[in-house]
Amino acid sequence: MPSSSPSPRPTISIVAPVYNEEAILPELYRRVAETMDALGESWELVLVNDGSYDRSLEIMHELHEQDPRVRIVSFSRNFGHQIAITAGMDYAQGDAVIIIDADLQDPPSVIAELVKKWREGYEVVYAVRKERKGESKFKLWTASLFYRLIDKITGVNIPRDTGDFRLLDRKAVNALRRMREHHRFMRGMSVWVGFKQTGVEYVREERYAGETKYPLRKMIRFALDGITSFSYFPLQLATYMGFFIAGLSVVAILITIGLRLSGSRAFYGQASTLVTVLFLGGIQLISLGIIGEYLGRIYDEVKHRPLYIVDEAVGFEHMGDADERSEAA
Ligand code: UDP
Ligand code: MG
């Protein structure tokens, strides 16, 4: 549906990160356009190509030709889902920005409800999954475990069962754009910025086509990013464990002395020594590893690299210099 020349500043920007979603893009555009046109707000769809190696970028160009409200930010390589969302927010011009997965697991029809809450005055409206279709038992179980853990050990109250599907007012977007950390956990960061927040329930659909771009390895990385960016608890674990084991060893020393004095030979032999040394060795290595997780992230931050490299941006010609935009901080 070709439209007349798009207004430079739309009211609402829809941002979708795209990594090899050729089978989905036309349907995504169709469903977004249907919802947004029915809403009667001016809008743009910012597609962030996160280094796809299928026909995604080509299809994005076709969609842009067809409807200039579709705009493209294309990375020089794959930088990851959370970074792609960040770039989308850097380029989005709307008074409100809606983050949505490209795979249609977040149904565009829910956008109407997000916008309604925004019009009521809320500045962050997150979508809460009241049901998740077509996800494996394993994913549901690990996700619930993870959110319970992060709830316990972090200071931010990330609402249960929310993903990145949410609406952010310009105020919240500008606040988020000042947070240039490399290991990003957007669903936590968007709570951290504050403002008036509320949720809207929805049913998370099955993926429209293709398969998940989040294999277990990436899920674990993502979980670690979430925990390390909002909590020191893992670092403190070594201290707690140290006190506990030191306390235990004092008891063991007293018992050993007592047994010696009473002439018992109960603690003689290699096995007990070996087990203790291995146990402590394990704990020390784990503690070192935990420090390493934080240290690596600190290293990534001090290098001060840009969060992403843009290969091309299409449809933002009216916006001035792209470099300035990504250097938001
Ligand atoms: N995605 C991305 N870069 C990546 C991995 C994923 O931009 O490195 C996009 C993907 O195209 C999709 C969204 O992020 O639009 C969520 O990914 P996916 O649906 O695979 O995750 P799941 O829903 O299975 O957790
Ligand atoms: Mg998905």
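Throughout, numbering of the chain's residues begins at 1 and tracks the sequence.
- Taking the centre of each ring, Y122 and F195 stay at or above the 6.0 Å mark.
- Counting heavy atoms from C-beta on, the side chains of L28 and L47 come closer than 4.5 Å.
- Using a 4.0 Å cut-off between charged nitrogen and carboxylate oxygen, R129 and E205 do not count as a salt-bridge pair.
- Between V97 and R170, the closest side-chain pair of non-hydrogen atoms falls below 4.5 Å.
- Between the side chain of S74 and the main chain of E312, no donor-acceptor pair closer than 3.5 Å is present.
- No side-chain donor-acceptor contact under 3.5 Å links E27 to the backbone of L25.
- Put simply, the side chain of T162 never gets that close to the backbone of I158: no donor and acceptor are under 3.5 Å apart.
- Between K213 and N20, the closest side-chain pair of non-hydrogen atoms falls below 4.5 Å.
- Considering all non-hydrogen atoms of both residues, Y240 and F233 come closest at CE1-CE1, 3.9 Å.
- When D103, D161, D101, D164 are each tested for a salt bridge (Lys or Arg N to Asp or Glu O under 4.0 Å) with R204, only one passes: D101.
- Between L168 and L176 there is a side-chain heavy-atom pair separated by less than 4.5 Å.
- Here the side chain of R71 pairs a donor or acceptor atom with the backbone of G315 at under 3.5 angstrom.
- Linking ILVMFWY side-chain heavy atoms closer than 4.5 Å, directly or via other members, places I283 and F244 in a single hydrophobic cluster.
- Across D50 and G80, no two heavy atoms sit closer than the pair OD2-N, 2.9 Å.
- With contacts defined as side-chain heavy-atom distances shorter than 4.5 Å, the pair Y126/V200 does not qualify.
- In this structure a side-chain-to-backbone donor-acceptor pair under 3.5 Å is present from E44 to Q93.
- When each of Y214, Y308, F75 is paired with H81, the ring pair (Phe, Tyr, Trp, His ring centres under 6.0 Å) condition holds for Y214 and for no other.
- Linking ILVMFWY side-chain heavy atoms closer than 4.5 Å, directly or via other members, places F279 and M241 in a single hydrophobic cluster.
- D151 contributes no side-chain N or O that, together with a main-chain N or O of T154, makes up a donor-acceptor pair within less than 3.5 Å.
- Atom OH of Y294 sits in a crowded spot, with more than 12 heavy atoms from other residues, nucleotides or ligands closer than 6.0 Å.
- Using a distance-only test at 3.5 Å, with no hydrogens or angles considered, no donor-acceptor pair links the side chain of S56 to the main chain of S52.
- The two residues L39 and A112 have their closest heavy-atom pair at CD1-CA, 4.2 Å.
- Checking side-chain atoms of E317 against main-chain N and O of V314 turns up no donor-acceptor pair under 3.5 Å.
- In this structure, K218 is not positioned above the aromatic face of F222 in the sense of NZ or CZ being under 6.0 Å from the six-membered ring centre and within 45° of the axis.
- For the pair R77 and F79, the cation sits on the ring face: its NZ or CZ lies under 6.0 Å from the ring centre, inside 45° of the axis.
- For the pair T142 (side chain) and K139 (backbone), a donor-acceptor distance under 3.5 Å is present.
- Here the side chains of E65 and H61 are not in contact, with every heavy-atom distance at 4.5 Å or above.
- Using a 4.5 Å cut-off on side-chain heavy atoms (C-beta onward), S13 and W43 make no contact.
- T11 and S42 form a side-chain donor-acceptor contact under 3.5 Å, judged by distance and modelled atom types alone.
- With sequence neighbours excluded, the residues forming a side-chain contact (heavy atoms from CB on, under 4.5 Å) with E301 are E181, H182, H183, listed by chain and number.
- No continuous path of hydrophobic side-chain contacts links V203 to F165 [ILVMFWY only; heavy atoms under 4.5 Å].
- Taking all atoms of both residues into account, the shortest heavy-atom contact from R207 to A209 is NH1-O, 2.9 Å.
- Side-chain contact between I100 and P108 is present, with heavy atoms from C-beta onward closer than 4.5 Å.
- A238 and S287 get closest at one heavy-atom pair: CB-OG, 3.7 Å.
- A distance-only check finds a donor-acceptor pair linking the side chain of R297 to the backbone of E293 [under 3.5 Å].
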